[in-house]
Amino acid sequence: MNNGFGRRLAGALVSACLGAAMLTACGGGGGSASGPTTQPAEPSSGLLPAASAVGALLAEDASAWRPLIDKAVYRYRGRQSVSGGTQRDSFYDNVVTQLAQGGGVVENASNAYNEGPDTDSPPVRLQAGTISQQLPLLLAPGAALTLEFVELRSPLRSNDRYVIADRRVADIGSDVDGDKKNDGMDLAIWVQVVGEEVIDLPYRKGVRAIRTDATIRMRLVPSSSSSTVSEAVDARLSVWYAAGLGPVRVRRDIPHPNVPSLRQVDEQTLVAYETATTGLGSSAAAQMLRSASGSAIPLANDAVAFDNHVVTFSSLPNTPSALGFTLTQIDVRGALMASTAYPAEMLAERAYNGRLLRLGDELRLVYVGGDGISMLRFSGDGRSLLSKTPTLLVPRPLGSVPYAASPSAPFLAASSQNTLWLVTQPYIDSAGLDSARLELRRFNADGNPVGMVQVLESGATAYGVRSVNLAASGRQLFLTWYRGLPAAGPRHLVVDAATGQTLPDAAPPGTSDLGDACQTQGMPLLRDAANLLACGYGAERLVTLGSDGLALRTAAGAVRDTNPLPPEWITSQGGLSWVSDAQRLGFYGRRYAKFWPEDNLESSFIQFGEVVLGSTGPDASSYRTLARIEHRILQPQYAFSFGNRILVIGTDCWCQGGNLGTLTVWR
């Protein structure tokens with residue numbers, strides 16, 4: 001493998017072997033140097049140890065442990081150390097890319113063993129259950145051997161040994177001992193299947209791995225009988241293979257290239273792996289999306305997921321937001337499918353503060369227009385405007401200022417079961433206190449009102465309302481807000497999404513506070529299968545609701561059990577965002593810590609994780625980290641679950657001029 005055994009390992013060993021031989025060989029007699037030719041090998045080098053008895057069956061099919069997939073990418077974090085502490089450890093990254101060639105794959109490395117790019121190793125092939133490659137060994141200028149190096153062979157059994165070479169090379173094409181005659185070399189190469197081990201990777205714990213140890217053992221044989229045969233010199237490569245991933249850890253132990261008496265050890269651990277359909281960790285880099293004209297697409301102001309794609313809502317490139325917008329369709333891999341511009345002249349009015357929603361197989365854009373809050377219909381891919389005439393949902397009261405349900409948006413919107421929900425907080429400057437309200441409204445897919453407006457706060461209390469949040473699942477709608485005066489504290493309301501009816505709770509609807517579990521501000525999340533409420537801002541936790549998914553308190557008034565996130569998931573600034581499916585609750589947030597343990601300075605990064613949801617709710621052992629990314633890669637804004645991947649929608653900077661990008665995080 002290019003990341004492992006290959007040309008560089010052999011070259012480093014030969015150099016070290018010759019260096020050691022120069023220290024031990026005695027000077028030789030005269031004669032003329034012969035030409036650099038390779039002589040027939042003797043039967044044995046005498047360096048191969050006795051074989052052990054083959055042990056237990058580890059796996060029937062070796063190919064499952066060494067995938068050879070075109071365009072597969074491995075990212076490793078490497079650490080290089082020298083025995084005796086003679087120099088400081090160095091750390092590096094190495095990216096290995098597989099490309100189909102010659103009936104197998106070539107493996108191009110960006111920084112193999114911290115020695116720079118390596119792009120000329122032979123293909124790795126799978127033939128008759130054996131994974132191997134042609135290994136060129138340059139013994140000296142003009143003297144080379146080509147061997148068939150076997151990595152794995154079906155079936156995999158402990159203690160099995162693959163002998164690659166066991167020979168004496170009579171002429172290595174070089175005079176080492178100075179007697180003007182080319183010297184020889186004993187050479188033994190073998191791979192030993194050590195057995196099964198369980199290892200931890202950065203983003204996956206308890207990985208079952210099969211370990212192999214590959215050894216090159218060499219000894220200089222001087223041409224002069226008066227010279228001393230050198231001590232044998234070894235190099236070893238240990239590889240840990242995981243099913244479906246391939247090499248997840250690689251450890252190279254060789255004589256130091258400059259000081260043969262010392263050992264240099266490189267250990268590379270898999271950080272991320274990615275193919276078109278599976279992976280571990282995250283994409284190496286974000287895809288920054290551009291329109292057909294080549295213009296960068298501005299950052300998303302909203303995003304909606306369908307079964308196999310996402311549509312984002314952005315401004316037009318280099319254009320004020322009121323003069324039009326762009327709907328961009330993105331596939332589950334994060335690639336651009338289509339980007340459709342809707343300039344203001346295509347619309348009946350200018351659209352401000354747009355929110356994008358899915359209703360069935362279509363899209364709705366809800367926005368503030370000249371007459372109030374209106375709605376436009378689009379196809380599910382965002383490429384077609386289905387109704388140029390907008391539907392007015394909530395007229396603006398005479399003399400009012402813009403709707404202000406949230407400091408960052410004039411209204412809140414959510415959708416469930418072909419129903420559109422709006423939360424508004426209209427108020428009139430010149431009217432009495434009873435004109436201020438917090439309202440919940442329900443509409444069908446055509447924008448027609450359904451049922452009566454629910455007034456949740458009115459009069460003096462409505463002026464103190466802030467931090468309003470709205471979350472909808474397929475079955476329920478969950479609304480939270482914070483009322484300042486006259487009774488301070490968080491509030492919540494649960495609504496049946498199908499009927500619009502307020503669901504019973506342990507306290508009167510709209511008046512029970514969230515209790516100690518959720519007194520900090522944060523975005524709620526209600527998932528039908530989980531019966532959980534995720535909340536908090538800087539002290540994130542999951543609140544276990546009742547069996548009906550409703551009550552936050554027991555009949556005795558006590559707050560139900562809560563599940564604080566593990567300490568490494570508590571964010572010192574900024575809250576978490578959530579993405580979920582029926583079995584797993586995913587989340588991401590900014591963490592203030594070293595990105596790598598060896599970092600010298602404190603830093604921050606984006607951390608992605610998830611908790612597996614059981615019948616009794618999550619516990620600390622259910623949490624796992626999926627990936628970490630540096631801020632320079634992407635600033636996440638939205639995340640959507642698509643099976644074994646999370647598609648992250650983000651931007652290249654937190655600024656008004658940021659551009660749209662995507663990233664994949666693998667589960």
Side-chain angles (χ1 to χ4, degrees), residues 287 289 297-316 321 324-342 347 351-368 373-387 390-391 393 406 408-409 411-423 443-447 469-474 477-478 497 523 525-527 577-581 586 588 636-643 645-651 660-664:
Q287 297 186 67
L289 305 186
I297 300 173
L299 59 84
N301 297 314
D302 207 354
V304 170
F306 286 79
D307 294 341
N308 56 9
H309 70 274
V310 170
V311 178
T312 64
F313 169 74
S314 306
S315 301
L316 293 174
S321 59
F325 52 85
T326 301
L327 296 183
T328 302
Q329 184 186 17
I330 302 169
D331 68 16
V332 297
R333 298 174 296 112
L336 177 69
M337 299 177 70
S339 183
T340 307
Y342 293 94
L347 310 171
Y352 298 87
N353 303 106
R355 286 294 312 277
L356 202 59
L357 300 166
R358 176 182 177 179
L359 283 177
D361 293 328
E362 295 181 356
L363 285 167
R364 300 290 186 272
L365 180 67
V366 181
Y367 64 94
V368 175
I373 301 176
S374 297
M375 179 183 78
L376 285 172
R377 293 177 55 198
F378 294 87
S379 59
D381 55 13
R383 304 185 192 192
S384 301
L385 175 62
L386 303 180
S387 61
T391 300
L393 302 176
S406 168
S408 60
F411 61 88
L412 295 176
S415 61
S416 61
Q417 298 186 356
N418 286 322
T419 300
L420 171 66
W421 302 87
L422 283 183
V423 175
F443 302 87
N444 64 17
D446 295 324
N469 287 303
L470 180 65
S473 67
L477 186 79
F478 203 96
M523 174 66 74
L525 179 69
L526 187 69
R527 310 306 297 186
S577 298
W578 308 83
V579 55
S580 179
D581 56 28
Y588 63 92
Q637 296 174 283
Y638 309 94
F640 301 98
S641 175
F642 290 101
R645 77 174 79 210
I646 295 175
L647 176 62
V648 181
I649 309 292
T651 178
L660 182 66
T662 64
L663 188 77
T664 295

Interatomic distance, CD1@Ile330 vs CD1@Ile649, rounded to 0.5 Å, equals 4.0 Å

Rounded to the nearest 0.5 Å, the CG atom of Asn308 sits from the CD atom of Gln329 at a distance of 8.0 Å

Is the shortest heavy-atom distance from the side chain of Asp302 to the side chain of Tyr638 under 4.5 Å? yes

Under the ring-ring contact (aromatic ring centres under 6.0 Å, His included) test, which residues partner Tyr342, sequence neighbours left out? Phe325, Phe378

Is there a side-chain contact between Leu385 and Leu347 (heavy atoms, below 4.5 Å)? yes

Side chain to side chain, Leu363 and Leu365, heavy atoms closer than 4.5 Å: no

Are Phe313 and Leu327 side-chain neighbours, meaning at least one heavy-atom pair lies under 4.5 Å? yes

Give the minimum heavy-atom separation between Gly447 and Leu393, together with the two atoms involved. O-CD2, 3.5 Å

Measure the shortest side-chain to side-chain distance between Leu660 and Leu299 over non-hydrogen atoms and say whether it is less than 4.5 angstrom. no

Does anything in residues 332-342 form a salt bridge (charged side-chain N to carboxylate O under 4.0 Å, His left out)? List the pairs, not counting sequence neighbours. Asp331-Arg333

Residue set satisfying salt bridge (charged side-chain N to carboxylate O under 4.0 Å, His left out) with Arg377, at least two apart, ordered chain then number -> Glu362

Residues that Ser315 engages under side-chain contact (heavy atoms from CB on, under 4.5 Å), provided they are two or more places apart: Asn301, Ser321

List for me each residue that meets side-chain contact (heavy atoms from CB on, under 4.5 Å) alongside Ser374, sequence neighbours excluded, and say none if there are none. Glu349, Tyr367, Pro390, Leu392

Within the distance-only criterion (no hydrogens, no angle test), does the side chain of Asn418 pair as donor or acceptor with the backbone N or O of Gly360 below 3.5 angstrom? yes

Student check: side-chain heavy atoms of Leu420 and Arg364 closer than 4.5 Å: no

If the condition is side-chain contact (heavy atoms from CB on, under 4.5 Å), which residues does Ala414 pass it with, not counting sequence neighbours? Leu470, Ala472, Leu477

Nearest atoms (heavy-atom pairs only) where Arg358 meets Ser415: O-OG, 2.8 Å

Set of side chain to side chain donor-acceptor pair (under 3.5 Å) partners for Asp381, sequence neighbours left out: Ser379

For Ser339, the side-chain contact (heavy atoms from CB on, under 4.5 Å) test, sequence neighbours excluded, returns Ser291, Ile297, Thr326, Thr328, Leu336

Between atom CG of Leu359 and atom OG1 of Thr419, what is the distance when rounded to the nearest 0.5 Å? 7.5 Å

Of the non-hydrogen atoms in Gly334 and Leu647, which two are nearest, and what is the gap between them? CA-CD1, 3.6 Å

Evaluate the side-chain proximity of Thr391 to Asp446: yes if any heavy-atom separation is below 4.5 Å, no if none is. no

Checking Gln287 now: which residues fulfil side chain to side chain donor-acceptor pair (under 3.5 Å) with it, not counting sequence neighbours? none

Nearest heavy-atom neighbours spanning Pro636 and Val648: CB-CG1, 3.8 Å

Set of ring-ring contact (aromatic ring centres under 6.0 Å, His included) partners for Phe306, sequence neighbours left out: His309

